[in-house]
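Here's the structure we're looking at; comments come further down.
Residue numbers begin at 1 in each chain, while the letters A, B, ... track the order of the sequences.
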2 protein chains.
Amino acid sequence: MLSKKTQYAFRALTHLAENYGEGPVLISDISERRKIPLKFLENILNEMKKAGILESKKGKGGGYILKMAPNKIKLSTVIRLVNGPIALLPCVSLNFYRKCDDCDETNCGLRRVMAITRDATLKILEKKTLADIVFEEQAGPKTLR
Amino acid sequence: MLSKKTQYAFRALTHLAENYGEGPVLISDISERRKIPLKFLENILNEMKKAGILESKKGKGGGYILKMAPNKIKLSTVIRLVNGPIALLPCVSLNFYRKCDDCDETNCGLRRVMAITRDATLKILEKKTLADIVFEEQAGPKTLR
DNA sequence: ATAATATCCTACCAAATAAGTAGGAAATTC
DNA sequence: GAATTTCCTACTTATTTGGTAGGATATTAT
Ligand code: FES
Ligand code: FES
């Protein structure tokens with residue numbers, strides 16, 4: 001499961017995506033409108049800035065902006081940044097690889113299945129971007145299952 | 001990511017699957033051969049028994065057995081049992097649904113994408129069973145990536 | 001200059017979860 | 001009734017999560 005922090009990150013990014021091209025948005029603004037604890041949000045946004053997907057400006061008229069267009073920011077990027085590995089096992093993670101203790105990697109059946117799972121997940125998360133999330137929200141209420 | 005406990009569970013189950021039809025296997029046996037902390041493994045196996053996928057016998061000649069054939073035990077079942085939800089958000093979990101705080105479900109773009117991701121993951125994990133894991137191991141070393 | 005506005009930085013804290021241990025009770029077999 | 005083996009309850013410890021506090025630093029406006 002994604003951490004609460006990651007959910008906050010997405011909510012904030014969605015907000016920024018909606019305001020893309022209209023200048024900086026205040027942390028306090030995002031915090032209020034999206035119901036995210038202010039100080040926590042500060043940290044989150046700052047992290048994403050350091051990671052290169054946000055830009056910031058201090059002082060009056062300042063705030064945060066997406067560093068690139070919403071359709072350039074992949075969900076996989078955000079998740080890896082804020083949440084960590086996408087794979088279900090360290091040994092099949094592309095970006096956070098770590099060997100499994102006491103398990104023979106070249107011979108591990110679980111590992112192979114989890115590699116397949118990772119690929120299926122990634123196929124979606126590498127394709128979907130913030131723009132897709134915004135679009136879905138504007139498409140109006142939908143019930144899903 | 002799957003917890004270490006879940007990895008242990010899978011290692012143990014794989015071992016039991018390999019010995020399926022040959023009578024009970026001792027906890028201590030699994031513990032040694034698969035390098036899993038004994039007392040921890042005790043708890044894990046017992047949990048899975050209560051959940052209905054294992055059977056046990058006490059006393060001499062006792063031990064654990066799979067309650068059904070390896071190809072009847074889905075990976076999704078095991079993960080849900082030991083690890084918890086498979087979905088990336090509580091609001092899209094089929095078996096562990098919980099509402100997200102401060103997020104309008106009927107209108108949430110992230111939710112929709114995560115529902116798609118969940119489906120893709122489940123499509124694999126509901127299909128693959130312990131038998132597949134065992135088969136992969138017997139298919140011999142393979143390098144993946 | 002200097003006050004006001006905002007982000008940035010360092011550090012800390014509490015609650016929850018994960019990972020594992022200890023010790024004996026209960027059932028089964030020999 | 002002794003040996004074997006799982007079962008049960010409870011505890012401990014380490015790590016991660018979800019924050020908070022307080023001031024430093026940069027920018028703008030007067
Ligand atoms: S090598 Fe990672 S689970 Fe076997
Ligand atoms: S409702 Fe679950 S993330 Fe929006």
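Between R112(B) and E136(A) there is a salt bridge, with a side-chain nitrogen of the basic residue lying less than 4.0 Å from a carboxylate oxygen of the acidic one.
For the pair N43(B) and dG20(C), the criterion of a side-chain N or O lying under 4.0 Å from OP1 or OP2 is not met. Phosphate proximity of dA19(C) to S3(B): present, with a side-chain N or O under 4.0 Å from OP1 or OP2. A close approach under 4.0 Å does occur between a side-chain nitrogen or oxygen of K49(B) and OP1 or OP2 of dC7(D). When the side-chain nitrogen and oxygen atoms of N46(B) are compared with OP1 and OP2 of dT6(D), none of them lie within a distance under 4.0 Å. Between dA6(C) and S28(A), no contact under 4.0 Å exists linking OP1 or OP2 to a side-chain N or O. Between Y8(B) and dG20(C), a side-chain N or O to OP1/OP2 separation shorter than 4.0 Å is present.
Side-chain proximity of K57(A) to dT28(D), dT25(D), dT6(D): nearest is dT28(D). In this structure, of dA21(D), dA22(C), dG19(D), it is dG19(D) that holds the atom nearest to the side chain of P37(A). Closest approach to the K4(A) side chain among dT7(C), dC9(C), dG18(D) is made by dG18(D) (side chain taken as heavy atoms from C-beta onward). Listed nucleotides: dC30(C), dT20(D), dA19(C). Nearest to the side chain of K60(B): dC30(C).
The CG atom of L54(A) sits 10 Å away from the P atom of dC8(C) (whole-angstrom rounding). One interatomic measurement links the two molecules: CD of E42(B) to P of dC11(D), which rounds to 18 Å at whole-angstrom precision. Spacing between atom CG of L38(B) and atom C1' of dC7(D) amounts to 13 Å, rounded to whole angstrom units. Spacing between atom CD1 of I27(B) and atom P of dA27(C) amounts to 17 Å, rounded to whole angstrom units. Remark: C1' of dA19(C) and CG of L41(B) are 13 Å apart, rounded to the nearest angstrom. In this structure, E55(A) places its CD atom 17 Å from P of dA26(D), rounding to the nearest Å. Protein atom CZ of F40(A) is 13 Å distant from nucleotide atom C1' of dA14(C), rounded to whole Å. Rounded to a whole Å, the CD1 atom of I30(B) is 13 Å from the P atom of dT5(D).
S28(B) and S31(B) share no donor-acceptor pair across their side chains, judged by distance under 3.5 Å alone. A donor-acceptor contact closer than 3.5 angstrom is absent between the side chains of N71(A) and T129(A).
From I36(B), atom CD1 reaches atom CZ of R11(B) across 5.0 Å, with rounding to the nearest 0.5 Å.
K39(B) comes within contact range of at least one nucleobase, with a heavy-atom separation under 4.0 Å. L45(B) comes within contact range of no nucleotide atom at all, as no heavy-atom separation falls under 4.0 Å. K5(B) comes within 4.0 angstrom of sugar-phosphate atoms only, judged by non-hydrogen atoms across all strands, and of no base.
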With side chain to side chain contact (heavy atoms under 4.5 Å, CB included) as the criterion, how do K5(B) and E47(B) come out once you've worked through the C-alpha distance, each side chain's angles and the decisive distance to 0.1 Å? CA-CA 11 Å; K5(B) 183 178 170 185; E47(B) 253 179 63; 3.0 Å; yes
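Nearest-nucleotide positions on DNA chain D for T6(A) and G59(A) put T6(A) closer to the 5' end.
Between the T117(B) side chain and the V113(B) main chain, a donor and an acceptor come within less than 3.5 Å of each other.
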